[in-house]
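See below for the structure under consideration.
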Number of protein chains: 2
Amino acid sequence: METTDRLILSLLAAEGRMSFTDLGKATGLSTSAVHQRVKRLESKGLIRGYAALIDHEQLGRPLTAFISITPIDPAQPDDYPERLVEIPEIESCWSVAGEESYILKIRVATPSDLENLLARVRAAANVSTRTTIVLSTAYENRPLD
Amino acid sequence: METTDRLILSLLAAEGRMSFTDLGKATGLSTSAVHQRVKRLESKGLIRGYAALIDHEQLGRPLTAFISITPIDPAQPDDYPERLVEIPEIESCWSVAGEESYILKIRVATPSDLENLLARVRAAANVSTRTTIVLSTAYENRPLD
DNA sequence: AGTGAAATCCTTTATTC
DNA sequence: GAATAAAGGATTTCACT
């Protein structure tokens, strides 16, 4: 992993639709040279994909929360991510070391939707939950340093 | 906010570099009609931008953690996000309701880098910290449902 | 809001170094 | 690996509906 590739990654992390022409100007390479490098970064999985960043508040889901989950039955198989993947409000799911087993990040429209979601999470996974409400997002998923 | 715009958003959330031509085929609109809609979604801020999704493990930062922070001096002004924005390892910063005041999501290379980062966080913001290590990421920032 | 067409610009591949 | 060139597509603007 070398300087030019890192520069390409950081440019694309900040501006995912930048053209190969502009990437070439920014890196001092020809269009086809950056093109070749980007395709290699994609095929090696260093670039996992591209995403539009959505304003969820404007889209009608202003309420973000973290839900920490603890298994009720310790003998239950550890398949929580699969059990929870069907719940579309769950944006992220991390397995963690600490008091709880998983942390979920969710987005809903209203507190009542959160109540409903918590019931679905408990039922789908047989877990107890602890919820931390997000008051504001100072920044999220900043591009590379 | 209506069906066609929601479809465009969900297509671009999943594939941020999809061409206007392909968006047109997927929505049944002409290229110039989707183009106009996407530009409107961008200017209204519903699309905040586009990002390449990076594999941080391959990029040399395999260790992810959540750091919850609690102010030591309750009289201190509440400017933690500004104080912390200079620390590049902090990917996200949320203000939360609950026992702690903020949750940070960070990425570093090694436990020793985490130790170093925690010292910088405490010094920059005059806070106590509680760290939860991520063991694995089942999924993260899933596109829209 | 949407279409179709035209000009411009970008992407992609082949060739060469 | 990188550059150049050329063909094939995509983007963007505009006139019209």
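Below, read A as the first sequence line, B as the second, and so on, with proteins coming before strands; counting in each chain starts at 1. These numbers were taken from a predicted model, which means no experiment stands behind them.
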Item to check | Whole angstrom value for the distance that separates C1' of D:dA2 from CG of A:L29 | outcome: 8 Å
Checklist entry - Got a sec? Which of residues 10-23 of chain B come in under 4.0 Å of DNA chain D, heavy atoms? => result B:S19, B:F20, B:T21
Next on the checklist: Output the rounded distance in Å from NE2 (B:H35) to P (D:dC14).
Outcome noted: 12 Å
Next on the checklist: Do B:T132 and A:E100 have side chains that approach each other closer than 4.5 Å (heavy atoms only, starting at C-beta)?
Outcome noted: no
Checklist entry - Which word best sums up how the rings of A:Y80 and A:Y102 line up, parallel for under 30°, tilted for 30 to 60°, or perpendicular for over 60°? => result tilted
Checklist entry - Any side-chain donor paired with an acceptor under 3.5 Å for A:N141 and B:N141? => result yes
Next on the checklist: I'd like to know if A:L7 and A:L9 are part of one continuous hydrophobic network [Ile/Leu/Val/Met/Phe/Trp/Tyr, side-chain heavy atoms within less than 4.5 Å].
Outcome noted: yes
Item to check | Nucleotide D:dA2, atom C1' - distance to NZ of A:K39 in whole Å | outcome: 18 Å
Checklist entry - Whole Å only: how far is the CZ atom of A:R37 from the C1' atom of D:dA2? => result 9 Å
Next on the checklist: If you compare every side-chain N and O of A:R40 against the phosphate oxygens of D:dG1 (OP1, OP2), does one of them come in below 4.0 Å?
Outcome noted: no
Checklist entry - Side chains of A:L63 and A:P111: does their closest heavy-atom pair fall under 4.5 Å? => result yes
Checklist entry - Do we see a donor-acceptor contact under 3.5 Å between the side chains of B:N126 and B:R122? => result no
Next on the checklist: Tell me whether A:L53 shares a hydrophobic cluster with A:L12, the cluster being built from Ile, Leu, Val, Met, Phe, Trp, Tyr side chains joined at under 4.5 Å.
Outcome noted: no
Next on the checklist: For chain B and DNA chain C, what are the first and last nucleotides along the strand, 5' to 3', with at least one atom under 4.0 angstrom from a heavy atom of the protein chain?
Outcome noted: C:dA1 to C:dT11
Next on the checklist: Using whole Å, what does the distance between atom P of nucleotide D:dT11 and atom OH of B:Y50 come to?
Outcome noted: 11 Å
Next on the checklist: Considering every strand and a 4.0 Å limit on heavy-atom distances, what is the contact class for B:A33: base, sugar-phosphate, or nothing?
Outcome noted: base
Checklist entry - Taking a hydrophobic cluster as the set of Ile, Leu, Val, Met, Phe, Trp and Tyr residues connected by side-chain heavy atoms closer than 4.5 Å, whether directly or through intermediates, do B:I106 and B:I54 fall within one such cluster? => result no
